[in-house]
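Just so it is clear: chains get the letters A, B, ... in the order the sequence lines come, proteins before strands, and each one is counted from 1. All figures in this text were calculated on a predicted structure; none of them were measured in a lab.
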Amino acid sequence: MFPSQFEYLAPTTLEEALSLLAEHAEDAKVLAGGQSLIPLMKLRFAAPAMIIDINGVPGLSHLQEDRRGRGYLRVGALVRNAALERSELLKSRYPTMAAAAPLISDPLVRNQGTLVGSLVHADPQGDWGSVLLALEGEVVAKSTSGERRIPATSFFDGPFTTVLRSDELAVEARVPAPGPRSFGTYLKLERKVGDFATVGVAVSVSTERGVVTRAGIGLTGVGPANIKAVDAEQALVGHRLTGKAIQQAAHLAAAASEPRSDVRGSADYKREVVRVYVARGLHQAFDAKAA
Amino acid sequence: MHRSITVTVNGQSRTAEVEPRMLLVYFLREVLDLRGVHVGCDTTSCGVCAVLLDGVPVKSCTMFAVQADGRSLTTVEGLASNGQKHAVQEGFKEEHGLQCGFCTPAMMLVASALLEENANPSESEIRWAISGNLCRCTGYQNIVKAVQHAAATLNPQPASGRTT
């Protein structure tokens, strides 16, 4: 299989990339890891007239924490999933992300694919979208007319659709630093390594004196976009992580899911997996807090 | 529309004019005649097209040849050196690490990259490394043994047992 013809441009500065995007916005697609875009082009679901390869653009490979204010993690647009999987910073500070990274596709795809690219691709079965929703991250978008920060909660606009303008380049994802008593994980049911999620659940909880101060729950593969289970999150805040509170949140998350029956399972089955995984993730949070 | 690229392939610099839409796997197979790079599913699932890009395993069916401009590639044809089989190749021979052989070039490249990074991998680390590569003969048991054989050859007296 080979894609339709396209013009290939490989800018070597961010300014050049942004002006190319401004000039060719409607016809161009940005190539970073290419692990979603290239398969789509081969199937001719996508046939851009121009590819803007940003792999030669400096300043997009940073994976670091900014400690100013409450602090946040910065993930540049060219940070590969393999780097996230190996990151000690993620393992020590961002457990939901550290749990998700090794579950993205397979090792070879992780060597190329990027977190920011996955967000922009906005596949409802993409794992990073749910993680960013649970952690209330944001996407930094740049264009020739400036920069804006788009919260994950308003970034996704439907299947394979985001609010990113066609002249904008997503240069970075940001995730707020967790509080001192925070825990999180990502649980994914997949038929085999490399398959899309049958169901994925991102969980993140912060507590103070045993009471939940912030809860984040993101759902993968059970709706037309990644879902933030807001009712379930709110049901936890202000409460202790008791078995009863966990069961209630798990039920609310399952109710927020909108799965469809397909080759990976029936809608009822997937909804039940959401319930079980949310409960399991929160119980792990409880155990980690107790430890 | 054609673009000139220069790629170091198995230690040799190769320059060619390619269409941007040419996938790396077809550049290697049809332009450079390196037929050890296989085309399997052609949909980023099976991993038989794996090559090493600057030492890192990638799926060559999911990358354009123009993206490899200025980079270094290793295919199975580049594993042996000076007429000597790579330890991984020896391991696959000794442990019957192949049946039909179709996935073998990619398996060996992925294994060689693993051993570059981790001289004494555990069984689960080996299984992790090859988890993006399908063997439709399901000969995984002997593939794991082959990689262990190679690790033992390259690193005959491993330091204290490494666990995952």
Side-chain angles (χ1 to χ4, degrees), chain A residues 1-10 12 28-56 78 80-83 85-86 101-113 117 121 123 190-196, chain B residues 1-5 18-27 30 39 41-71 106-107 109-111 113-114 117-118 124-134 140 164:
Chain A
M1 291 188 290
F2 51 94
S4 302
Q5 288 189 330
F6 57 84
E7 191 180 344
Y8 174 83
L9 295 167
T12 52
K29 283 294 278 184
V30 172
L31 175 65
Q35 302 300 287
S36 299
L37 177 62
I38 295 175
L40 282 185
M41 290 173 67
K42 287 167 70 179
L43 295 168
R44 305 214 178 187
F45 289 141
M50 179 177 289
I51 285 292
I52 301 176
D53 181 354
I54 61 166
N55 284 283
L78 291 177
R80 314 287 160 179
N81 285 311
E85 180 180 12
R86 286 158 203 219
L103 298 174
I104 310 293
S105 192
D106 67 47
L108 287 82
V109 170
R110 290 198 293 275
N111 283 335
Q112 292 277 74
H121 180 56
D123 189 324
E190 56 183 4
R191 298 180 301 177
K192 59 172 280 294
V193 167
D195 191 20
F196 289 104
Chain B
M1 281 292 268
H2 281 64
R3 206 179 158 94
S4 175
I5 61 168
V18 296
E19 249 195 295
R21 65 171 167 169
M22 176 172 266
L23 294 161
L24 181 60
V25 65
Y26 294 112
F27 172 71
E30 290 168 14
V39 180
C41 69
D42 210 1
T43 55
T44 325
S45 303
C46 75
V48 302
C49 64
V51 299
L52 304 184
L53 174 66
D54 295 327
V56 175
V58 299
K59 295 181 180 177
S60 63
C61 82
T62 313
M63 182 172 167
F64 296 117
V66 287
Q67 291 180 268
D69 190 19
R71 318 243 343 229
M107 287 286 185
L109 287 166
V110 166
L114 169 70
E117 195 181 348
N118 179 357
S124 67
E125 284 169 332
I126 294 170
R127 289 185 182 274
W128 166 87
I130 62 168
S131 63
N133 298 79
L134 294 181
Y140 297 105
T164 44

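- Of the atoms belonging to B/Leu53, it is side-chain heavy atoms, and not backbone ones, that fall under 4.5 Å from chain A.
- Residues B/Met22 and A/Phe2 have side chains not in contact (no heavy-atom distance under 4.5 Å, counting atoms from C-beta outward).
- Here the side chains of A/Ile38 and B/Gln67 are in contact, with some heavy-atom distance below 4.5 Å.
- Remark: A/Asp106 CG to B/Ile130 CD1 distance equals 12.0 Å, nearest 0.5 Å.
- Taking a cutoff of 4.0 Å between a charged side-chain nitrogen and a carboxylate oxygen, B/Glu117 and A/Arg86 qualify as a salt bridge.
- If you measure heavy-atom distances from A/Leu37 to chain B, you find no contacts under 4.5 Å at all.
- Within residues 41-49 of chain A, the residues that have a heavy atom under 4.5 Å from a heavy atom of chain B are A/Met41, A/Lys42, A/Arg44, listed by number.
- Only the backbone of A/Ser4 comes within contact range of chain B, with at least one heavy atom under 4.5 Å from a heavy atom of that chain.
- Annotation for A/Phe196: atom CZ does not count as buried by contact number, only 12 or fewer foreign heavy atoms lying within 6.0 Å.
- One distance of note links OH of A/Tyr8 with NE2 of B/His2; it measures 15.5 Å at 0.5 Å rounding.
- Taking non-hydrogen atoms and a 4.5 Å limit, the residue list of residues 55-65 of chain B in contact with chain A, ordered by number, reads B/Val56, B/Pro57, B/Val58, B/Lys59, B/Cys61, B/Thr62, B/Met63, B/Phe64.
- The minimum heavy-atom distance linking A/Arg110 with B/Trp128 is given by the pair NH2-NE1, 3.2 Å.
- With sequence neighbours excluded, no residue forms a side chain to side chain donor-acceptor pair (under 3.5 Å) with A/Asp123.
- Interface remark: B/Leu134 contributes side-chain atoms only to the contact with chain A (heavy atom separation under 4.5 Å).
- Of all non-hydrogen atoms in A/Pro107 and B/Ala129, the two that sit nearest each other are CG-O, 4.2 Å.
- The two residues B/Ala50 and A/Leu108 have their closest heavy-atom pair at CB-CD2, 3.5 Å.
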Worksheet item: Please walk me through it: do B/Thr43 and A/Met1 pass side chain to side chain contact (heavy atoms under 4.5 Å, CB included)?
Response: CA-CA 9 Å; B/Thr43 55; A/Met1 291 188 290; 3.6 Å; yes
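- The stretch residues 29-41 of chain A participates, sequence neighbours left out, in no side-chain hydrogen bond (donor to acceptor under 3.5 Å, both in side chains) pair at all.
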